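What's counted below: heavy atoms across the whole structure, side chains too, no hydrogens, waters or symmetry copies. Owing to the predicted nature of the structure, the values given are computational and were not obtained by experimental measurement. In the text below, chain A, chain B and the rest are named by the order of the sequence lines, each starting its count at 1.
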Amino acid sequence: MGGNASGEESDNIDWDTEDELEIQNFPLSSCSTLTNPGGEAIVCAGEASFSASPSHSKLIHHFVGMGFPEKLVAKAIEENGEGNTESILETLLTYSALENSPPQQKPVIDSDHSSSDYYENFLDEISDSDSWSEDEENTESLSDKEKTLLSLAKMGYTVEEASIAMDRCGAYLIICPDASIDEITDFLCAAQMAKAADYLLPDDEPKPKRKFFERELWKRKKQRRYEKRMMSEDSETIRLPKPMIGFGVPMESSQTFHRTLPEAAMGPPYFYYENVALAPKGVWDTIKRFLYDVEPEFVDSKYFCAAARKRGYVHNLPIDNRFPLLPLPPLTIHEALPLTRKWWPSWDTRTKLNCLQTCIGSAKLTDRIRKALEDWDGEPPLRVQKYVLDECRKWNLVWVGRNKLAPLEADEVEMLLGFPRNHTRGGGISRTDRYKSLGNSFQIDTVAYHLSVLKDLYPGGINLLSLFSGIGGAEVSLHRLGIPLKTVVSVEISEVNRNIVRGWWEQTNQKGNLIDFTDVQQLDGDRIEQLIHSVGGFDLVIGGSPCNNLAGSNRHHRDGLEGKESALFYDYFRILDLVKCIMGRQQ
DNA sequence: AGAAAGATGAACGGTTTG
DNA sequence: CAAACCGTTCATCTTTCT
């Protein structure tokens, strides 16, 4: 905000006014319709907590979130009416200019997020370099620089990266503390690229580096202008295809698909991102926008195995000449679990299981159902059938005896997802953790089908950067495809999951090198650069970031992409973008 | 034995889509 | 309106540590 008054800075970098406005308007336009929470979320991370408010107060919160005092916002809305957000913004900007003070940014982290790891880590880190009281209410007194750092840290940039870029950004960020997180991320990437260029260029030539840096920044701004234009022309949100077969599945449809990738999306490296298809509105639009405007491929794994799994995949892989893993897994419940056939009543017409989740049905529930069924000798009345079937679908119950239902065993889940038997067994993992790890994983046959095109491209094997690896779905998929794994850099926060992958790595006699990290925050620019240099570049950057705050089963914190866990998507983007930037310069 | 940490069981709606 | 959904929280039981 207040960018119009910052002419003094234009001697360094040509911030043209058009871009200033478009960046301000971008989240605004999506917010004014109140249909795209993803857009506004980039600017104010705490927005989700206001989602229940009526539209008027939501509008107020939106502008307060942008940094304007609440009184001024109320006044501006009164003057302009609720409908015209653009003129409200203009009025607010006029107020700010008159007062000759930059708007106060709302603290990015609200009380709901005060316990998040980011928050605590970040506060730890800035307290090293600056005076900091432990009183949380003092967030209000953070300097603009600290607030911007906080925003960037929330997005997954390390404090070091953000701080370096901000130092280079200089006064611009002080004048515009909150208006343009987008712009700052552009700046960060340009800075990272310039840093990568530093790496290649001799040190005694400072001028070309600066030119390079400015050119990168300009390219980024141009891309965003393009994105803006596309959004305003075609503002309809992403729809899920029906049938959900993406760019094709093995058996179904002999139809051939074609697509042309945006320039910015093309590899190397290839990338592959996964998350739940049924996310809150706007989430996939945001993901698509960050991942170089690549159209997500929505696929239901029920076309690959006996269980449904509706997922979206954003990737820049070729889509011709895919092939499935062999042998083809059982496609129906009866084939997958033959022992249930004997007890399966004719009125239970399910042929596919629903999505395999992290929790299983309780014994109390199956017992209640059994008692309800025992009242009837032959077929129960429709009412009872409906009750039983609803519970069966909700909890993925299968018939294991007369009137007797049970949740799937962990090894059955393993099989359905395409993992080797006992993949998650042993190593001291508890039964509940096993279900949890499996429920959070890829479906191997589905992912392998998409990755199969890599086999011809990399006969000698690939270097893999695997983020949020979990129990190693990506690694197992590639291995089962017969694609050798040269070096795998894997990031996974759960110790039991890391142990599972390490165990599998040894069991399968991998020839390559497995390097694991605990936290994506460890992968900052320097570390990535060092890894790329020592490994010789990554061929594939793969990852499914946490879905906790996106998934429909979450009754408490379905906060969208800004939720505590799901915000790690921004780390996927950050790291992918770093890899692209660094590798792009080495070619 | 008692505390502390870990594992299990059970109950808990709402959003989105067609 | 139906149908589906990579989940969280709390109480209680179990195991491990001191």
Side-chain angles (χ1 to χ4, degrees), chain A residues 35-38 48 51-52 112 115 236-244 273-285 298-302 305 307-313 349-350 352-369 386-387 389-397 406-408 410 413-414 416-419 424 428-444 446-447 468-471 473-474 492 494-497 543-560 563-566 568-569:
Chain A
T35 57
N36 188 352
S51 57
D112 287 348
S115 63
E236 67 183 34
T237 49
I238 291 175
R239 293 216 121 93
L240 300 178
K242 204 181 165 189
M244 201 183 277
Y273 174 80
E274 179 260 11
N275 216 320
V276 290
L278 287 80
K281 272 184 183 169
V283 164
W284 278 105
D285 299 273
F298 292 103
V299 181
D300 189 337
S301 291
K302 74 179 181 185
C305 69
R309 206 169 185 78
K310 297 175 185 62
R311 296 292 179 269
Y313 306 89
T349 53
R350 290 178 296 160
K352 300 276 185 185
L353 292 160
N354 278 339
C355 184
L356 307 169
Q357 302 192 106
T358 55
C359 290
I360 60 170
S362 65
K364 268 249 174 72
L365 173 67
T366 54
D367 216 48
R368 273 201 300 272
I369 296 175
K386 168 103 170 86
Y387 159 69
L389 275 178
D390 281 351
E391 296 300 322
C392 283
R393 282 195 251 258
K394 186 189 287 184
W395 292 105
N396 260 334
L397 304 175
L408 295 168
V413 179
E414 259 170 11
L416 289 162
L417 289 175
F419 283 92
T424 57
I429 189 173
S430 72
R431 180 181 154 83
T432 37
D433 277 352
R434 222 179 140 189
Y435 281 113
K436 192 169 174 183
S437 292
L438 285 163
N440 283 316
S441 174
F442 288 168
Q443 205 286 326
I444 297 295
T446 312
V447 172
F468 318 109
S469 304
I471 56 175
E492 169 56 40
S494 151
E495 189 185 355
V496 285
N497 285 349
S545 63
C547 68
N548 305 33
N549 312 111
L550 311 179
S553 315
N554 191 334
R555 299 162 181 207
H556 298 94
H557 307 288
R558 201 182 183 188
D559 308 329
K564 189 164 59 147
E565 285 85 19
S566 295
L568 288 168
F569 159 73

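Counting any heavy atom pair closer than 4.0 Å across all strands shown, L240(A) reaches sugar-phosphate atoms only and no base atom. Using a 4.0 Å heavy-atom criterion, one finds that S301(A) contacts no nucleic acid atom at all. At a threshold of 4.0 angstrom between heavy atoms, the contacts of K386(A) are confined to the sugar-phosphate backbone, with no base atom among them. Nucleic acid contact class of K394(A) (heavy atoms, under 4.0 Å, all strands): none.
Inter-residue side-chain proximity for C355(A) and R311(A) is flagged as met; some heavy-atom pair is nearer than 4.5 Å. Between W395(A) and T366(A), the closest side-chain pair of non-hydrogen atoms is not below 4.5 Å.
Listed nucleotides: dT16(B), dC5(C), dG7(C). Nearest to the side chain of T358(A): dG7(C). Ranking dC12(B), dG18(B), dC6(C) by closeness to the R239(A) side chain, first place goes to dG18(B). Between dG7(C), dA7(B), dT8(C), one nucleotide has an atom nearer to the side chain of H557(A) than all others, and that is dT8(C). Listed candidates were dT8(B), dC6(C), dT8(C). Nearest to the side chain of T432(A) is dT8(B). Closest to the side chain of R368(A), out of dA11(B), dT9(C), dC6(C), is dA11(B). The side chain of N275(A) lies closest to dC6(C), out of dA7(B), dC6(C), dT8(C). Candidate nucleotides dC5(C), dC12(B), dA7(B) were compared by shortest atom distance to the side chain of W395(A), and dC12(B) ranks first. If you check dC12(B), dT16(B), dT8(B) against the side chain of R555(A), the one that comes closest is dC12(B). Among dT16(B), dA7(B), dC6(C), the nucleotide with an atom closest to any side-chain atom of K281(A) is dT16(B). Taking the side chain of P280(A) as heavy atoms from C-beta on, and the options dA7(B), dA4(C), dT16(B), the nearest nucleotide is dT16(B).
Taking side-chain N and O atoms only, R311(A) has a distance below 4.0 Å to OP1 or OP2 of dC6(C). An OP1 or OP2 oxygen of dG14(B) is reached within less than 4.0 angstrom by no side-chain nitrogen or oxygen of H556(A). Applying the 4.0 Å criterion to OP1 and OP2 of dT8(C), one finds that N548(A) has a side-chain N or O inside that range. Phosphate proximity of dC6(C) to S441(A): absent, as no side-chain N or O sits under 4.0 Å from OP1 or OP2. Dashed line: the shortest gap from a side-chain N or O of N549(A) to OP1 or OP2 of dG7(C) is not under 4.0 Å. In this structure, K364(A) does not reach the dT8(B) phosphate: none of its side-chain N or O atoms is under 4.0 Å from OP1 or OP2. Within the structure, every side-chain polar atom (N or O) of S553(A) is placed at least 4.0 Å from both OP1 and OP2 of dT8(C). Between dG7(C) and R558(A), no contact under 4.0 Å exists linking OP1 or OP2 to a side-chain N or O.
Listed for the R393(A) side chain is no donor-acceptor partner under 3.5 Å among the backbone atoms of N354(A). Without hydrogens or angle criteria, K352(A) side chain to C305(A) main chain gives a donor-acceptor distance under 3.5 Å. For the pair N396(A) (side chain) and I360(A) (backbone), a donor-acceptor distance under 3.5 Å is absent. Although no hydrogens or angles enter the test, the distance criterion places a donor-acceptor pair under 3.5 Å between the side chain of S566(A) and the main chain of N549(A). With hydrogens and angles ignored, the 3.5 Å screen pairs a side-chain donor or acceptor of E414(A) with a backbone N or O of T424(A). For the pair E492(A) (side chain) and G470(A) (backbone), a donor-acceptor distance under 3.5 Å is present.
Take the nearest nucleotide of DNA chain B for C359(A) and for A551(A): the residue whose nucleotide is more 5' is C359(A). The nearest heavy atom of DNA chain C to D390(A) and to G439(A) marks one nucleotide each, and the one closer to the 5' end goes with D390(A). For P241(A) and S362(A), each mapped to the nucleotide of DNA chain B holding its nearest heavy atom, the one lying further toward the 5' end belongs to S362(A).
Put simply, CG on N354(A) is 16 Å from C1' on dG7(C), counting in whole angstrom units. I360(A) places its CD1 atom 14 Å from the C1' atom of dG7(C), with the value rounded to the nearest Å. As rounded to whole Å, 18 Å separates atom C1' of dG18(B) from atom CD1 of I238(A). We find that CH2 of W284(A) is positioned 17 Å from C1' of dT15(B), with the value rounded to whole Å. The nearest whole Å value for the distance from the CG atom in D300(A) to the C1' atom in dA4(C) is 11 Å. Atom CZ in R431(A) sits about 20 Å away from atom P in dG6(B), given to the nearest Å. dC6(C) atom C1' lies 14 Å from atom CD1 of I444(A), rounded to whole Å. Computed from coordinates, the D559(A) CG to dG13(B) C1' distance equals 15 Å when rounded to whole Å.
Within the shown strands, dC10(C) is the pairing partner of dG9(B) under the Watson-Crick or G-U definition, both distances less than 3.5 Å.
Distance check on atom C1': dG13(B) versus dA2(C) gives 16 Å, rounded to whole Å.
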